[in-house]
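Just so it is clear, the values below take in all heavy atoms, side chains as well, and ignore hydrogens, waters and symmetry mates.
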Amino acid sequence: MGFYWDGFKTFFKIGAFTLGGGYAMIPIIEREVVDRHQWLTKEEFLDLIAIAQSCPGVFAINMSVFIGYKMRRTPGALCTALGTALPSFVIILLIAMFFQQFQDNKVVAAIFNGIRPAVVALIAVPTFNLAKSAGISLSNCWIPIASALLIWLMGVNPIYVIIAAGAGGYLFGKLVNNTSAS
């Protein structure tokens, strides 16, 4: 029963702090599953981010399902997914029940205007940490920058960018391996 309760409780806590979405939760998830509980290594965590991001669905729930499944198969995945989704469900339900009463309140609007910059920071910090962990340096930083610009400014579908990056990485690996072998 140990992991089921720990997994649910851990991901419930993570799910309760979803301000900024799944990417803002990356440092919290990493601290809990890599540092505190040691359910994953740092390398496994980085791979899991790539997998969870590539799969359809909510990023944080994808992460929790993969971790729960790794630890206790289907029951573990159900437990961690429920822990991740339950806080958001309850919060959204409460907001839906009372939103009409507060939507025109200037204090509530001011609070949300104050929260927005903090949410940007919550997303920026894990982005820089991921870049460092993924080995992004001055020599290859053009790849994520070009990818972001293609998606943001030119409206290129992110799936095409991911496919092109994967193909480019494969070809680069083949080229480097062939050059190294010679």
Side-chain angles (χ1 to χ4, degrees), residues 3 6-7 10-11 14-15 17-81 83-85 88 119-182:
F3 172 79
D6 286 344
T10 298
F11 281 97
I14 290 167
F17 295 97
T18 57
L19 294 174
Y23 298 108
M25 297 167 65
I26 290 174
I28 299 169
I29 297 171
E30 181 178 12
R31 188 169 39 250
E32 290 292 324
V33 303
V34 175
D35 301 335
R36 184 164 178 239
H37 294 289
Q38 299 176 343
W39 292 330
L40 297 175
T41 66
K42 178 80 168 172
E43 292 76 25
E44 289 173 323
F45 185 74
L46 287 172
D47 291 342
L48 181 57
I49 290 171
I51 292 167
Q53 184 176 346
S54 302
C55 292
V58 178
F59 177 78
I61 292 182
N62 288 348
M63 294 278 292
S64 69
V65 166
F66 285 120
I67 293 165
Y69 189 82
K70 178 185 186 268
M71 298 306 295
R72 295 291 186 273
R73 300 290 183 221
T74 302
L78 290 171
C79 204
T80 54
T84 306
S88 296
V119 170
V120 170
L122 285 172
I123 295 169
V125 169
T127 300
F128 290 119
N129 288 338
L130 282 172
K132 190 166 65 172
S133 297
I136 303 297
S137 64
L138 288 176
S139 64
N140 63 2
C141 68
W142 66 270
I143 298 168
I145 292 170
S147 299
L149 291 174
L150 283 169
I151 294 166
W152 179 48
L153 292 177
M154 300 184 72
V156 175
N157 189 320
I159 293 171
Y160 297 139
V161 173
I162 291 169
I163 291 170
Y170 174 78
L171 292 173
F172 181 76
K174 284 291 216 185
L175 178 68
V176 168
N177 286 341
N178 286 341
T179 306
S180 304
S182 299

| task | Could you tell me whether Ile159 atom CD1 has more than 12 heavy atoms of other residues or ligands within 6.0 Å of it? | result | no
| field | Nearest heavy-atom neighbours spanning Phe66 and Cys55 | value | CZ-SG, 4.0 Å
| note | Separation between CE (Met63) and CD1 (Ile26), nearest 0.5 Å, reads 6.5 Å
| request: Nearest 0.5 Å please: distance from the CG atom of Leu150 over to the CG atom of Asn157. | output: 11.5 Å
| So Trp39 and Phe3, would you call those rings parallel, tilted or perpendicular, with 30° and 60° as cut-offs? | perpendicular
| remark: Closest heavy-atom pair, Glu44 versus Leu40, reported as atoms and distance to 0.1 Å, is OE1-CA, 3.3 Å
| How many angstroms lie between CD in Glu30 and CD1 in Ile49, if you round to the nearest 0.5 Å? | 6.5 Å
| note | Of all heavy-atom pairs linking Gly15 and Ser88, the shortest is O-OG, 3.8 Å
| request: Provide the closest heavy-atom pair for Ile61 versus Ala81 in the form atom of the first, atom of the second, distance. | output: CG2-CB, 4.3 Å
| Looking at Ala52 and Asn62, what are the two nearest heavy atoms and their distance? | O-ND2, 3.1 Å
| query | If only atom types and distance count, is the side chain of Asp35 paired as donor or acceptor with the main-chain N or O of Glu32 below 3.5 Å? | reply | no
| Distance from Leu78 atom CG to Thr74 atom OG1, nearest 0.5 Å? | 6.5 Å
| Smallest separation among heavy atoms of Thr80 and Gly68, with atom names | OG1-CA, 3.5 Å
